[in-house]
Amino acid sequence: MLYEIRTYGEQCLKDKSENVTEITEEIKTLLDDMVETMHEATGVGLAGPQVGVNKRLFVIDIGDGVVRKIINPEILEMSEACIESDEGCLSVPGIYKKVRRAQKIKVRYTTVEGEIVEEEMKDFLAKAFQHEYDHLDGTLFIERISPVAKKMISKKLQLIKKETEKKLKK
Ligand SMILES: [Zn+2]
C-alpha cells in the first residue's frame, strides 16, 4: 500500500515520535509499505512522521543494494569531521540546500527481526541516517541550513505550506 507523504506545515512532522515497544505484524507491514512509498517517490529515505505515524522508525535505500528498515535508532557517536552537501526531503518538495552532517556515525537500532545491532556508517549513508533520525525528533533539514539559505527559501516554503493547508482542507 502506498502512503500519502505528509508535507511541510503538517503537525505530524513537528511532533516527537515514540519508541516502538513491540514489532508486530502491523509494524512490519508499515515498514514494507514505507519502502514501497519511498521507492515510488524515488526518495532515499522515509521516516514514520512523513506518513503520519509518529513512531521511531524509518527506511533507507541509498542504492547500495540494501534496503534498511530501522527501528528505535540511537546515534551513539558522531565524528567531528563533517560533510556538507545538498539535501532534499520528500516532505519539502523542490527544495535542496546544503546541510552539514557528521561524516561518520556509530548507531544502534533494532531490526525487523527484533535484533539489536550496532553499526558504523559514513558518508552518504551516515547523512541519510542523520536526516531520517531528525524526523523522529520533529526536525526538518531546512532547520539546519544557514540563515542566508533560509531567507532564500522562505517564499518557496510559504508556498508549500499553503499547498499543504489546501490539501488538508479537502
Ligand atoms: Zn526528510
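We count ligands from 1, going down the list as the structure has it; atoms in each ligand are counted the same way. The shown structure was predicted, so the numbers you read here are calculated from the model rather than taken from an experiment.
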Stepwise, does the ring-ring contact (aromatic ring centres under 6.0 Å, His included) test hold for F58 with Y133?
CA-CA 8 Å; F58 56 75; Y133 185 89; 7.3 Å; no
Could you work out, with salt bridge (Lys or Arg N to Asp or Glu O under 4.0 Å) as the rule, every residue matching E10, not counting sequence neighbours?
R6, K167
Ignoring waters, how many N, O or S atoms from the protein are under 2.8 Å from the Zn ion (ligand 1)?
3
Using a strict cut-off of less than 4.0 Å between a Lys/Arg side-chain nitrogen and an Asp/Glu carboxylate oxygen, indicate whether E87 and R101 qualify as a salt bridge.
yes
Pairs flagged by side chain to side chain donor-acceptor pair (under 3.5 Å) wherever residues 58-73 is involved - sequence neighbours left out
D32-K69, H39-D61, D64-R68
With sequence neighbours left out, the residues meeting side-chain contact (heavy atoms from CB on, under 4.5 Å) with A128 are I60, I62
Locate the shortest heavy-atom distance separating A47 from M34; write the atom from each residue and the value.
C-CE, 3.6 Å
